[in-house]
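Note: hydrogens, waters and symmetry copies are ignored here, and every other heavy atom, side chains too, is used.
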Amino acid sequence: MEVLYSSTRGSSEKVTASQAILKGLAEDGGLFVPGAIPALEKSLKELSAMTYQEVAYEVMKLYLTDFTEEELKNCITKAYDAKFDTDVIAPLVETKKAYYLELFHGSTIAFKDMALSILPHLMTTAARKNQITNEIVILTATSGDTGKAALAGFADVEGTRIMVFYPKNGVSPIQEKQMLTQKGANTSVVGIYGNFDDAQTGVKKLFSDKELAAELGEKGFQFSSANSINIGRLVPQICYYVYAYAKLLAEEKIADGELINVVVPTGNFGNILAAFYAKNMGVPIGKLICASNDNKVLYDFFATGVYDRNRDFVLTTSPSMDILISSNLERLIYRIAGNDAGKNAELMAALSGQGKYEITEEMKAGLSDFYGNFADEAETAAEIKAIYEDCGYVIDTHTAVASAVYGKYVAETGDTTKTVIASTASPYKFTRSVMNAIDEKYDALSDFELVDELSGIANVAVPNAIEEIRTAPILHDKQCQVDEMKDVVRAFLQ
């Protein structure tokens, strides 16, 4: 069955999967959503005998229906290869508390690799399918991890250029150095004076600038996005939740059909939305536990039905979650509004204008799959220390937010359903915060001394992603104000 995509703000425009991937954002500023969430064709028992790559094909073929089997399998093979430091791609680590789904074994040691390793292949395949001759310009805002993963994926990919905007003082030192040392003649990295929401809003404005699009079109360029607003980012993320359930089944940790809960540290809402899609495809997921840090706009939304970004922006030790405008939530709002694009557009206009909106009681009922809570900085650090002291396992700050929130959920509900916690980044990306949480004595060490110390206490080899930036030269040094982003893009494309 062919799956077509329409905008969350106006359902008249119907496009194929490849067209949605190329566009990134719909013409009206909405996000592309499938006409329906497809059901899994293979049983979970059958999936449990498959590799990650095979599971990925079984999931993605249901959404990317205008890709041939050969095209899709070729994209998957190129994506999930030796760039990952484990053959299983996304291993599950069992502790007394839960199963941690390690999504950071790719080339940039964050979960964004799971989707951004395949997006360049999907995009270049989509361009060929649609006879696109323009050079594709990837514009991306990052709160830390998407930027490096996108840069690594698109570096020197023929027919593309990539420009990443990040908050100059809003990412970890390791995250920043990963981006600023990125090689590739087609890459550009720009630090903006503002926060992630400023960067994300700036990129969205560039996408909706018709005059700029026409100007660049004449010069042979067209924009696309590597942010999770692109459906080509969301679909690959669904795969690892299906795979996690299948692996638990294969290892006889659960019975076929047994419910599991899933906990996701959440910023832009794409990762937990992927789990929601997996649940609606037939994966027996009970509760979707949405974990926030001190920027708890989502926790407040689930508690009250009011989404309000009018609040202080807090810089935390889990910077990839330092977000007040969770773009992917729009896809869920559209769904709980009964796929009413007009109602959704009205709410998004209120968010843009007044910085807030309130959903109806009927829409609130559509959030019953979700539980929201948050962990503050002290709780996050305490969780890292507690998990390490309990079993020697070291988790990063984002995973610690999720783990701490899961503890609150169990205490509040008494629900002891077996649970998978999405472990979204390697602790090596946030060594200072992680090591300080374990023992404050480590604060006297330099960033790379901390890396070596972490390797010793965790008994885990230093990932190549960290080794390669120890002495790598800085290749990008641009900064700009938010209102200068358009000029910076023009200069890059000269």
Query raised in the report: Can you check whether Y241 and Y277 have ring centres sitting under 6.0 Å from each other?
Result: no

Query raised in the report: Is there a side-chain contact between M363 and K343 (heavy atoms, below 4.5 Å)?
Result: yes

Query raised in the report: Side-chain contact, heavy-atom cut-off 4.5 Å: I395 with I384?
Result: yes

Query raised in the report: Counting N and O atoms only, with roles assigned by atom type, does the side chain of D209 sit under 3.5 Å from a partner on the main chain of K205, one being a donor and the other an acceptor?
Result: no

Query raised in the report: Does E215 come within less than 4.0 Å of R490, counting only side-chain N to carboxylate O?
Result: yes

Query raised in the report: Do side-chain atoms of S326 reach the backbone of G267 as a donor and acceptor pair under 3.5 angstrom?
Result: yes

Query raised in the report: Below 4.5 Å, heavy atoms only, C-beta onward: do V190 and V164 meet side chain to side chain?
Result: no

Report task. Would you mind telling me which of D66, T125, T65 makes a side chain to side chain donor-acceptor pair (under 3.5 Å) with S18? Result -> D66

Report task. In plain terms, say whether D447 and R432 are close enough for a salt bridge, that is, a side-chain N and a carboxylate O under 4.0 Å apart. Result -> yes

Query - Modelled atom types, side-chain donor and acceptor of Q200 and N268, under 3.5 Å - result: yes

Report task. Go through K23 and S225 one step at a time and tell me if the side chain to side chain contact (heavy atoms under 4.5 Å, CB included) criterion holds. Result -> CA-CA 8 Å; K23 286 174 179 282; S225 173; over 6 Å; no

Report task. Check step by step if side chain to side chain contact (heavy atoms under 4.5 Å, CB included) holds for F430 and I174. Result -> CA-CA 7 Å; F430 307 95; I174 295 286; over 6 Å; no

Query raised in the report: Between the side chain of Q479 and the main-chain N/O of D477, is any donor-acceptor distance below 3.5 Å?
Result: yes

Query raised in the report: Looking just at side-chain N and O atoms, do N271 and Y240 make a donor-acceptor pair shorter than 3.5 Å?
Result: yes

Query raised in the report: For residues S7 and E27, is any side-chain donor paired with an opposing acceptor at under 3.5 Å?
Result: no

Query - Side-chain donor/acceptor of E377 to backbone N/O of T317, under 3.5 Å - result: yes

Report summary line: All heavy atoms of F165 vs all of V203, minimum pair found to be CD1-CG2, 4.0 Å

Requested in this report: Look at the aromatic rings of F374 and Y299 and report parallel, tilted or perpendicular, splitting at 30° and 60°.
Outcome: tilted

Report task. Assess the side chains of D322 and T316: does a donor N or O sit below 3.5 Å from an acceptor N or O? Result -> yes

Query - Under 3.5 Å donor-acceptor, N130 side chain and A126 backbone - result: yes

Report task. Give a yes or no answer on whether the side chain of R9 reaches the backbone of E346 with a donor-acceptor pair at less than 3.5 Å. Result -> no

Query raised in the report: Are the side chain of E484 and the backbone of Q481 linked by a donor-acceptor contact shorter than 3.5 Å?
Result: yes

Query raised in the report: Under a 4.5 Å cut-off applied to non-hydrogen side-chain atoms, are D300 and L298 in contact?
Result: no

Query - Beyond-backbone contact of T424 with T399, side-chain heavy atoms, under 4.5 angstrom - result: yes

Query raised in the report: Does the pair F111 and H398 meet the rule for a ring-ring contact (aromatic ring centres under 6.0 Å, His included), with working shown?
Result: CA-CA 11 Å; F111 83 100; H398 304 74; 8.8 Å; no

Query raised in the report: What is the minimum heavy-atom distance between A185 and D156, and which atoms define it?
Result: N-OD1, 3.1 Å

Query raised in the report: Within a strict 4.5 Å, meaning less than it, do heavy atoms of the L273 and Q237 side chains meet?
Result: no

**Report entry** Under 3.5 Å side-chain donor-acceptor pair for N310 and D308
**Finding:** yes

**Report entry** Modelled atom types, side-chain donor and acceptor of K112 and T146, under 3.5 Å
**Finding:** yes

Requested in this report: For side-chain hydrogen bond (donor to acceptor under 3.5 Å, both in side chains), just list the numbers for S327 and K204, CA-CA rounded to whole Å, side-chain angles, deciding distance to a tenth of an Å, and then say yes or no.
Outcome: CA-CA 10 Å; S327 289; K204 283 184 173 180; 2.8 Å; yes

Query - Closest approach of Y442 to L450 (non-hydrogen atoms, all atoms of both residues) - result: O-CD2, 3.3 Å

Report task. Check whether any side-chain N or O of N230 sits under 3.5 Å from a backbone N or O of L25 as a donor-acceptor pair, and report yes or no. Result -> no

**Report entry** Six-ring centre of Y193, K168 cation under 6.0 angstrom, axis tolerance 45°
**Finding:** no

Query - Q222 side chain near L216 side chain, heavy-atom distance below 4.5 Å - result: no

Query raised in the report: How long is the gap from CZ on F448 to CD on E467, to the nearest 0.5 Å?
Result: 8.5 Å

Query - Smallest separation among heavy atoms of S172 and P319, with atom names - result: N-CG, 4.3 Å

Query raised in the report: Does F302 have its ring centroid less than 6.0 Å away from the ring centroid of Y371?
Result: no

Query raised in the report: Step by step, would you call T187 with Q182 a side-chain hydrogen bond (donor to acceptor under 3.5 Å, both in side chains)?
Result: CA-CA 8 Å; T187 66; Q182 177 64 52; 5.6 Å; no

Query raised in the report: Hey, is the main chain of A79 close enough, under 3.5 Å, to the side chain of K83 for a donor-acceptor pair?
Result: yes

Report task. Would you kindly check if the NZ (Lys) or CZ (Arg) of K429 is within the cone defined by 45 degrees around the ring axis of F104 and under 6.0 Å from the six-membered ring centre? Result -> no

Query - Nearest heavy-atom neighbours spanning L103 and A90 - result: CD2-CB, 4.1 Å

Report task. Check V297 against L324 and note the closest heavy-atom contact, atom names and distance. Result -> CG1-O, 3.8 Å

Report summary line: Per side chain to side chain donor-acceptor pair (under 3.5 Å), S318 is matched among N293, T380, N295, T397 by N293

Report task. Evaluate the criterion side chain to side chain contact (heavy atoms under 4.5 Å, CB included) for residue pair Y80 and D113; output intermediate values, then yes/no. Result -> CA-CA 9 Å; Y80 305 112; D113 289 323; over 6 Å; no

Requested in this report: Answer yes or no: is there a donor N or O on one side and an acceptor on the other, between the side chain of N195 and the main chain of D197, under 3.5 Å?
Outcome: yes

**Report entry** Side chain to side chain, R311 and K296, heavy atoms closer than 4.5 Å
**Finding:** yes

Report task. Considering only NZ, NE, NH1 and NH2 on the basic side and carboxylate oxygens on the acidic side, decide whether E330 and R335 come within less than 4.0 Å. Result -> no

**Report entry** Candidate pair I37 and Y63, rule side chain to side chain contact (heavy atoms under 4.5 Å, CB included), full reasoning
**Finding:** CA-CA 8 Å; I37 296 176; Y63 288 92; 3.4 Å; yes

